[in-house]
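See below for the structure under consideration.
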Amino acid sequence: MKIRTRFAPSPTGKMHVGNLRSALYEFLIAKHEGGDFMLRIEDTDQERFVEGATEIIYRTLDKVGLKHDEGPDKDGGYGPYVQSERVGTGIYMKYAKELIDKGEAYYCFCDKERLASLKTEVVEGKEISVYDKHCLSLSSEEIAANLAAGKPYVIRQNNPVEGSTTFHDELYGDITVENAQLDDMILIKSDGYPTYNFANVVDDHTMSITHVVRGNEYLSSSPKYVRLYEAFGWEPPKYVHLPLVTDENHKKLAKRGGSTSFEGLLEQGFVTEAIVNFIALLGWSPEGNRELFTLEELIREFDYHRISKSPAVFDLVKLRWMNGEYIKAMEFERFFEMAEPYLKEALPGERLDLKKIAAMVKTRIEVFPDIAEMVDFFGELPEYDVSMYTHKKMKTDGKSSLEVLKEVLPLFESQEDYSNDGLYQTLLKYVEEKGCKNGYVMWPIRTAVSGKQMTPAGATEIMEVLGKDESLKRIRKGIALLENA
RNA sequence: GGCUGAUUGGUCAAGCGGUUAAGACGCCGCCCUCUCACGGCGGAAACAGGGGUUCGAUUCCCCUAUCAGCUGCCA
């Protein structure tokens, strides 16, 4: 049988890496076996709906390359399934009534006040209550009268008070819960919309989902869902609960806060492929030691039985490393396209060869914003202190540096070829005559032309980009600085 | 509080009764070098604790601890 999975997000905010990872795994599980991946928007909570959140979901999936396989016809293609659109079809109410007929669900007319009076315990600021099945004992006449009077109602699941329910998770194994623990959860809200608990089951079944893949937060309530399948007489799907992705404090990620949202990461200069690669490895590992995978390779490698059971901390530091790997491996043209805005911002109005600078920086950055601080000296020589001319390992200090700079200046003045190669050859010859180490002369020059402790390139490469005039100017300035010291 | 789950270095993790307990990030050192980075080499760093089962437990069972999730007319 063909595997069918689905990503079922609720449009209530940003899409964080945990959400994305669920989508990714759901996609990979299906595609690994040539199955179908569906998208279903779970927007039954009208209060929590956030404007634009659905678009974020579409944009993200599109950018990452998680294309869904079917849905209602829309603009010549197919859109995702949208629960709010399905409410109008009466599908949820129809199934809820079927359950009522079977005695597996019942109307409940209790108002907030009565419900509040049920709350007996307060733990850590949260009120704990279990519905007391008060409305289960209503006679059909009372129900009919209430309905006729237009009294607001919800429909609740009628769970048994004795026995236990077991369901099987592909990763966690059999999980059993006493039925007495199962609250009579609400299936249909008083506004007529289904709750997640109900819509989820109805939709997974009607969409013929074979593998329900979702976050671990549903693990303990899954018995309730399984009871619903049993009540309908439906075959339950296979369940694959995913370990949580947490923040550095080991807490579940929130949809607020941009540092772990997909688009937030993009803004921080991360590359889509690196993010995907990284989150694929948060809770799953391949056979062998490989860590770098394209989406296609992930599809090939992804065996969901290798998904881990324990939660994973989202570690931005390792993501940075991986992002650096992607940047290093990236085609130069694409890299330049992505780097250019950052270069232009760091070097406004400069008519420098940005491509050369980009090439220098490519193997040295982890995320694009790293560029700015690395290249700023090209635009303007920063103020620096003479102490920078001292380097213990190079055995340089102010005195030796002054000497080198003075001796080398005329060489550069008469030099016509300001290419990296040409300059380097000149310097090599000078080094040979002087009988010292390269660093002994390179350090002072690089310091003079950059004014920085570290630079993304060596002295001669910098001079090539700076050009003759600017290079000489900076060296003379260095000499003056050292002389006045 | 109740329920469910998880527990290998700081982090991601391999391991599925017998191993010197992989690998990666980060950290430290050395080499390379025109500084830094890249690259190469090396190092420090872990089976939560206690009982069982077994000839033998990181691996299986139980208890404790810790953490997390759920406990909503949220998903």
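Every chain is numbered from 1, with letters handed out A, B, ... down the list of sequences.
Across every strand in view, B/A48 sits in a pair with B/U64 that passes the Watson-Crick or G-U test at under 3.5 angstrom. Both distances falling under 3.5 Å, in either a Watson-Crick or a G-U wobble arrangement, place B/C55 opposite B/G18. Of all nucleotides present, only B/C28 satisfies the Watson-Crick or G-U wobble test against B/G42, with each distance under 3.5 Å. Pair assignment for B/U35: none, as no Watson-Crick or G-U wobble contacts are both less than 3.5 Å. Pair check for B/C3 finds B/G69; Watson-Crick or G-U wobble, both atom distances under 3.5 Å.
A gap of 40 Å separates the P atoms of B/A21 and B/G2, to the nearest Å. Distance noted for atom C1' between B/C61 and B/U53: 7 Å (whole Å). Comparing the P positions of B/A46 and B/C30 gives an interatomic distance of 24 Å, to the nearest angstrom. Rounded to whole Å, the separation between the C1' atoms of B/G42 and B/G23 comes to 16 Å. The separation of B/G40 from B/A57, taken at their P atoms, amounts to 40 Å, rounded to a whole angstrom. Here the separation of B/C12 from B/G26, taken at their P atoms, is 15 Å to the nearest Å.
Using a 4.0 Å heavy-atom cutoff across all strands shown, A/Thr176 reaches sugar-phosphate atoms only and no base atom.
Spacing between atom CG of A/Asn277 and atom C1' of B/A13 amounts to 14 Å, rounded to whole angstrom units.
Using cut-offs of 30° and 60° for the angle between ring planes, the A/Phe167 and A/Tyr239 rings count as perpendicular.
A salt bridge is defined here as a Lys NZ or Arg NE, NH1 or NH2 lying under 4.0 Å from an Asp or Glu carboxylate O, and A/Asp111 with A/Lys151 fails to meet this definition. With salt bridges taken as basic N to acidic carboxylate O contacts below 4.0 Å, one links A/Glu273 and A/Arg334. The existence of a salt bridge linking A/Glu403 and A/Lys434 is confirmed by a sub-4.0 Å separation between a basic side-chain nitrogen and an acidic carboxylate oxygen.
Of all nucleotides listed (B/G39, B/C70, B/C12), B/C70 comes nearest to the side chain of A/Lys252. Closest to the side chain of A/Ser10, from the set B/C25, B/A75, B/A6, is B/A75. Checking B/G5, B/A75, B/G69 against the side-chain heavy atoms of A/Leu244 singles out B/G69 as nearest.
Contact annotation: A/Lys251 reaches the phosphate of B/A68 (side-chain N/O to OP1 or OP2, under 4.0 Å). Contact check, A/Arg306 against B/G15: a side-chain N or O comes under 4.0 Å of OP1 or OP2. Contact annotation: A/Lys189 side-chain N/O to B/C74 OP1/OP2 distance is under 4.0 Å.
Counting only N and O atoms by type, the side chains of A/Thr44 and A/Arg86 include no donor and acceptor under 3.5 Å apart.
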